There are 2 protein chains.
Amino acid sequence: MLESTARSTEHREPAITRRHVTAKPIDAHEPWMRGLHADTGYLLYRLGLRSGQLFNACLQESGLRLRHYAVLRYLATTDGALQRELSTRLGYDPSAIVGLVDDLEKLGFAERRPSPDDRRSRIVVLTESGSDFLRDTDEAGLRVTGELLGPLDPAEREALHALLLRIAEDGLN
Amino acid sequence: MLESTARSTEHREPAITRRHVTAKPIDAHEPWMRGLHADTGYLLYRLGLRSGQLFNACLQESGLRLRHYAVLRYLATTDGALQRELSTRLGYDPSAIVGLVDDLEKLGFAERRPSPDDRRSRIVVLTESGSDFLRDTDEAGLRVTGELLGPLDPAEREALHALLLRIAEDGLN
DNA sequence: AACAACTATTGACGTCAACAATTATTGCTC
DNA sequence: GAGCAATAATTGTTGACGTCAATAGTTGTT
């Protein structure tokens, strides 16, 4: 149990009991929301789920899912990547990459090419139609994001994006 | 994700022989990262996954997961809720609520009580030990959030939280 | 030549979320 | 007041997903 709450001394915070989160200038309009979404981490989790669902729903008509889209976008940035690279960079298991690239190849969006210097590796490249698809769905992606970030004005969206990017810099990937 | 540092079996010796692997620290300002995380929705998705994993890892020792924690926190705010209410408010399927409340009941953190006015409904209430557990894990949750939001200073965290809350208000939930 | 490490791949196992179907109960309606 | 749609909780199923183990082919080392 957590009774021994891992009292590991964190390098920050002078360990004064300020657990009951001090003044919250956040105006949660509904009472239950204050309690539920008081924690930013949990908020991120919930919003991430919702965002993923929206994206998946948007990609559904094309037969792909968010993970395929991630692979495509990565390929678009590097123009040729080893599967191992996709695995480490995107955070998916190598076995997952196999299926994803299979699907993309089946749709003609990507190709596996033999590596000239190492016959173990396969270089995955984005095809023309894959690039077209990416361009087409980019608009849909923006639409989804717009829907998600509905109540925010452009400046706020920019600020949010910057903040999230700062976090992503740190630990993600 | 993130290779997960195979902590299960010891026979996986960490070989440090790097070949042409680009194992340098990832910087969000690299072009591929810009391409990948250019979309706020996708960024939210990735960060949400990471946040959920951190929370789950933190709760793991207590046998609970993030969803259980969400139920507990909601119960703490309303002091008695129908399962249907938990479903709609937390966004989980009614069938999921069943298992979650089962687990919480098994641990003594919550109780199902018959509703006096509607024999179909069950009122789920937080028990004393459930309340204690919440108080104990609150600190751990803040620690996780702190870790997640590492590169942000307090003002920025506050701003991020406010922005996310605005989004959460809007959509489902 | 023998051996360790690496890449891609397959398969097994457990988890989790979304959907359909079932049971018990309620409220409406004719 | 008997039938009937709607609702609350539950069960079962299916598909996606992550993790791990194992294998075949390949590379570099000694």
Side-chain angles (χ1 to χ4, degrees), chain A residues 45-46 48-50 52-57 59-60 63-71 81-88 90-103 105 110 112-124, chain B residues 1-21 23 45-46 48-50 52-53 55-57 59-60 63-68 70-71 81-103 105 110 112-124 172:
Chain A
Y45 164 71
R46 293 298 304 276
L49 273 186
R50 175 161 173 76
Q53 285 170 350
L54 283 177
F55 260 94
N56 272 326
L59 289 170
Q60 191 174 2
L64 294 182
R65 267 158 285 135
L66 194 48
R67 332 179 95 221
H68 300 97
Y69 190 63
V71 172
L82 284 71
Q83 297 187 195
R84 177 71 184 168
E85 186 183 355
L86 290 172
S87 170
T88 57
L90 295 176
Y92 299 144
D93 195 80
S95 57
I97 301 291
V98 175
L100 292 177
V101 178
D102 281 350
D103 296 339
E105 223 171 13
R112 271 185 248 242
R113 293 182 187 167
S115 173
D117 55 331
D118 190 336
R119 282 190 298 180
R120 291 174 298 185
S121 307
R122 312 268 182 98
I123 298 181
V124 187
Chain B
M1 72 167 61
L2 195 54
E3 277 297 290
S4 74
T5 64
R7 64 180 62 241
S8 58
T9 56
E10 263 70 16
H11 79 282
R12 180 164 179 77
E13 194 170 345
I16 53 177
T17 63
R18 72 175 188 277
R19 310 221 49 76
H20 46 70
V21 184
Y45 165 72
R46 294 299 300 273
L49 276 185
R50 175 162 175 74
Q53 285 171 350
F55 261 95
N56 274 326
L59 290 168
Q60 190 176 4
L64 295 181
R65 316 220 176 133
L66 194 46
R67 323 180 105 220
H68 300 97
V71 172
L82 284 71
Q83 298 187 195
R84 176 69 183 168
E85 186 183 356
L86 290 171
S87 171
T88 57
R89 279 287 155 83
L90 296 176
Y92 299 147
D93 195 81
S95 57
I97 302 292
V98 176
L100 292 177
V101 177
D102 280 350
D103 296 340
E105 223 171 12
R112 271 185 248 244
R113 293 182 187 168
S115 174
D117 54 331
D118 190 336
R119 281 188 302 180
R120 292 174 296 183
S121 308
R122 312 268 183 98
I123 298 181
V124 187
L172 187 103

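Worth saying up front: this structure is predicted, and the values here are computed from it rather than measured. In what follows, every chain begins at residue 1, and chains take the letters A, B, ... in the order their sequences are listed.
A donor-acceptor contact under 3.5 Å links the side chain of B:Arg120 to the base of D:dT7. For A:Ser121 and C:dC6, a side-chain-to-base donor-acceptor distance below 3.5 Å is absent, hydrogens and geometry of angles not being considered.
When each of A:Leu49 and A:Arg122 is assigned the nucleotide of DNA chain C bearing its nearest heavy atom, the one mapping closer to the 5' terminus is A:Arg122.
When all heavy atoms are compared, the tightest approach of A:Gln83 to A:Val98 is NE2-CG2, 4.2 Å.
Rounded to whole Å, the distance from CG on A:Asp102 to C1' on C:dT9 is 9 Å. One interatomic measurement links the two molecules: CG of A:Asp93 to C1' of C:dA8, which rounds to 12 Å at whole-angstrom precision.
Looking at residues two or more places apart in sequence or on another chain, you find no side chain to side chain donor-acceptor pair (under 3.5 Å) involving A:Asn56. For B:Arg113, the side chain to side chain donor-acceptor pair (under 3.5 Å) test picks out B:Glu111, with sequence neighbours left out.
Side-chain proximity of A:Arg65 to D:dA16, D:dT10, C:dA18: nearest is D:dA16. Of the candidates C:dC19, D:dA9, D:dC20, the closest approach to any side-chain atom of B:Ser95 belongs to C:dC19. Closest to the side chain of A:Arg119, from the set D:dT27, C:dA17, C:dA8, is D:dT27.
At distances below 3.5 Å, at least one donor-acceptor pair connects side-chain atoms of A:Ser87 with backbone N or O atoms of A:Tyr92.
For A:Arg112 and C:dT9, the shortest distance from a side-chain N or O to OP1 or OP2 is below 4.0 Å.
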